[in-house]
Amino acid sequence: MYDQLRNALMGWYRVNGRNLPWRQTRDPYKIWLSEVILQQTRVQQGLPYYERFVDKYPTVVHLAHAEEEEILGLWKGLGYYTRARNLQKTAREIVRGHGGAFPDNYQALVMLKGIGPYTGSAIAAFAFGEAKAVLDGNVLRVISRVLNLGEDIAKASTRVHFQQIATEWLGTADPGVFNQAIMDFGALVCSPKPICPQCPLAEHCAALREGTVKQRPQKAKRPAKRNRYLHYFYHVENECITMWKRDTGDIWAQMFDLPLIEKMDASPPSSLDLGHMGITSPTMPAYRAKHQLTHQTIHANFYLVPKLTYRPGYTSIEIAKLDSVPYSQLLATFFDYLFSKD
DNA sequence: AATGCGGGGCA
DNA sequence: TGCCCAGCATT
């Protein structure tokens, strides 16, 4: 029923498919690594991270034996840091719980931390040839356009429907190759800014026929972004800087951070707030930065202070060793500023 | 079902 | 400069 569509897609992929390092292997460990790195991340950005991880941890055993902070250090700058933590949890689970044998089917894979429906399908198909159709953003976009479906892709019911369609499209094709093909097609041709004039599926595309390509995939409006105002205090003494480790349940969970006061609005910190930090004289921020996250905007002010009241959880980190601890991109930007001008 | 988690690309 | 992208876990 979808033979023509499938053949057109596979034909396009044979000629135009990208030559990516994780496509040269059927090692489930390397495929897993690549898929986790590529979650919510463009190939171009993830590529150097993949190379560094494979280089440093050639097998799941190497990864299982690594220190968490070393892994987070390698992950620095990639975002969504729970991916890195889950990577290590799962490596240890595989080495300890499965005797080093990588789980070899979808059902077993999705039991693991950090492996959901998409990543489970990807590993099952690419490494083990299991007939699971992947459903990522690319595939959602392609299906919604080719069949001109206006369902909200955020809805669970839509996921179920689209998963069924993707499985039908996969049909009897090689599941690994077909999944690569449809994702590459979504990334290179049927992209957010599609190249319809060069599309190999143009004659099959209902959205192109109906003129609704731009409205596909359909998704509900995003909620407004939240503004947060962070007043940071930095204190450098004896080549050390005072930091603390953030809690879980908020941004930058368990990452090192500078002492701070948070406000809900743009007003300056009160003298009471400052007193609590052991700061007697309010100063002007030495550095300001705005940091965009998906659902919030961080407004950061950095104040140089002569001393800080030491509190539980505070720790002193040698500036020379700063690169070996995990901290956010915002702080990386600030440290670049701070230590480049002396 | 709704929300939180980050980066980079792009108009 | 502000919007867009769209896997997984948690609640």
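Everything quoted here is computed from the prediction, not taken from an experiment. Below, all heavy atoms of this structure are taken into account, side chains as well, without hydrogens, waters or symmetry copies.
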task = Among the candidates B/dG6, B/dG8, C/dC5, find the nucleotide nearest to the side-chain atoms of A/Gln45.
result =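 Among the listed nucleotides, the one closest to the side chain of A/Gln45 is B/dG8.
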query = Would A/Tyr57 and A/Glu70 satisfy side chain to side chain donor-acceptor pair (under 3.5 Å), going step by step from the backbone distance to the final call?
reply = CA-CA 11 Å; A/Tyr57 313 116; A/Glu70 186 184 68; 2.9 Å; yes
Distance in angstrom units between [X] [atom1] and [N] [atom2], rounded:
| X | N | atom1 | atom2 | answer |
| --- | --- | --- | --- | --- |
| A/Trp75 | B/dG8 | CH2 | P | 14 Å |
| A/Ile251 | B/dT3 | CD1 | P | 18 Å |
| A/Lys214 | C/dC4 | NZ | P | 13 Å |
| A/Leu330 | B/dG8 | CG | C1' | 16 Å |
| A/Phe162 | C/dG7 | CZ | C1' | 17 Å |
| A/Gln39 | C/dG7 | CD | C1' | 5 Å |
| A/Arg83 | C/dA9 | CZ | C1' | 13 Å |
| A/Gln40 | C/dG7 | CD | C1' | 5 Å |

message = Counting only side-chain nitrogens and oxygens, does A/Lys219 get under 4.0 Å of the OP1 or OP2 atom of C/dC5?
response =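 So the side-chain polar atoms of A/Lys219 do come within 4.0 Å of the phosphate oxygens OP1 or OP2 of C/dC5, strictly under.
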ask   = Taking OP1 and OP2 of B/dG7, is either one under 4.0 Å from a side-chain nitrogen or oxygen of A/Tyr81?
value =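 Yes, within the criterion.
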Pair up each side-chain donor or acceptor in residues 106-125 of chain A with any protein partner under 3.5 Å, not counting sequence neighbours, and list the distances.
unit_1: A/Tyr118; atom_1: OH; unit_2: A/Glu35; atom_2: OE1; d: 2.7
unit_1: A/Thr119; atom_1: OG1; unit_2: A/Gln39; atom_2: NE2; d: 2.9
unit_1: A/Ser121; atom_1: OG; unit_2: A/Pro117; atom_2: O; d: 2.8

query = In residues 108-147 of chain A, which ones come under 4.0 Å of DNA chain C, going by heavy atoms?
reply =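 A/Leu112, A/Lys113, A/Gly114, A/Ile115, A/Gly116, A/Pro117, A/Tyr118, A/Thr119, A/Asp136, A/Gly137, A/Arg141, in order of number.
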inquiry  = If I pick the P atom on C/dT11 and the same atom on B/dG6, what distance separates them, to the nearest angstrom?
reply    =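 Comparing P positions in B/dG6 and C/dT11 gives a spacing of 16 Å.
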inquiry  = Judged by each residue's nearest nucleotide on DNA chain B, which is more toward the 5′ side, A/Ala156 or A/Ser328?
reply    =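 With A/Ser328 and A/Ala156 compared, the 5'-side residue is A/Ala156.
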message = Reading DNA chain B from 5' onward, which residue's closest nucleotide shows up sooner: A/Leu78 or A/Lys155?
response =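 Between the two, 5'-proximity favours A/Lys155.
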query = If you look only at pairs with a residue in residues 78-104 of chain A, which of them pass as a salt bridge (Lys or Arg N to Asp or Glu O under 4.0 Å), with sequence neighbours excluded?
reply =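 Pairs touching residues 78-104 of chain A that pass the test: A/Glu68-A/Arg85.
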inquiry  = Quick test of your reading: applying salt bridge (Lys or Arg N to Asp or Glu O under 4.0 Å), list the pairs with at least one residue in residues 181-193 of chain A, sequence neighbours left out, ordered by first then second residue.
reply    =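 Matches after skipping sequence neighbours: A/Arg18-A/Asp184, A/Arg23-A/Asp184.
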Under 3.5 Å, sequence neighbours excluded: what are the donor-acceptor pairs made by side chains of residues 150-158 of chain A?
unit_1: A/Glu151; atom_1: OE1; unit_2: A/His161; atom_2: ND1; d: 3.3
unit_1: A/Glu151; atom_1: OE2; unit_2: A/His161; atom_2: ND1; d: 2.7
unit_1: A/Asp152; atom_1: OD1; unit_2: A/Ala154; atom_2: N; d: 2.9
unit_1: A/Asp152; atom_1: OD1; unit_2: A/Ala220; atom_2: N; d: 3.4
unit_1: A/Thr158; atom_1: OG1; unit_2: A/Asp152; atom_2: O; d: 2.7

key: Donor-acceptor side-chain pairing of A/Tyr232 and A/Asp257 below 3.5 angstrom   =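 Present: a donor and an acceptor within the cut-off.
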Dump every N/O contact between nucleotides 9-11 of chain B and the protein below 3.5 Å, one line per pair.
unit_1: B/dA11; atom_1: OP1; unit_2: A/Lys193; atom_2: NZ; d: 3.0

request  = Using atom types as modelled and distance alone, determine if a side-chain donor or acceptor of A/Trp244 lies under 3.5 Å from a backbone N or O of A/Leu258.
outcome  =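 At least one qualifying donor-acceptor pair exists.
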inquiry  = Does A/Glu51, at its CD atom, have more than 12 non-hydrogen atoms belonging to other residues, nucleotides or ligands within less than 6.0 Å?
reply    =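 Above 12, so yes.
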task = Flag the pair A/Arg52 and A/Asp55 as a salt bridge only when some basic side-chain nitrogen lies within less than 4.0 angstrom of an acidic carboxylate oxygen.
result =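 Here A/Arg52 does not pair with A/Asp55 in a salt bridge, since their nearest N and O are not under 4.0 Å apart.
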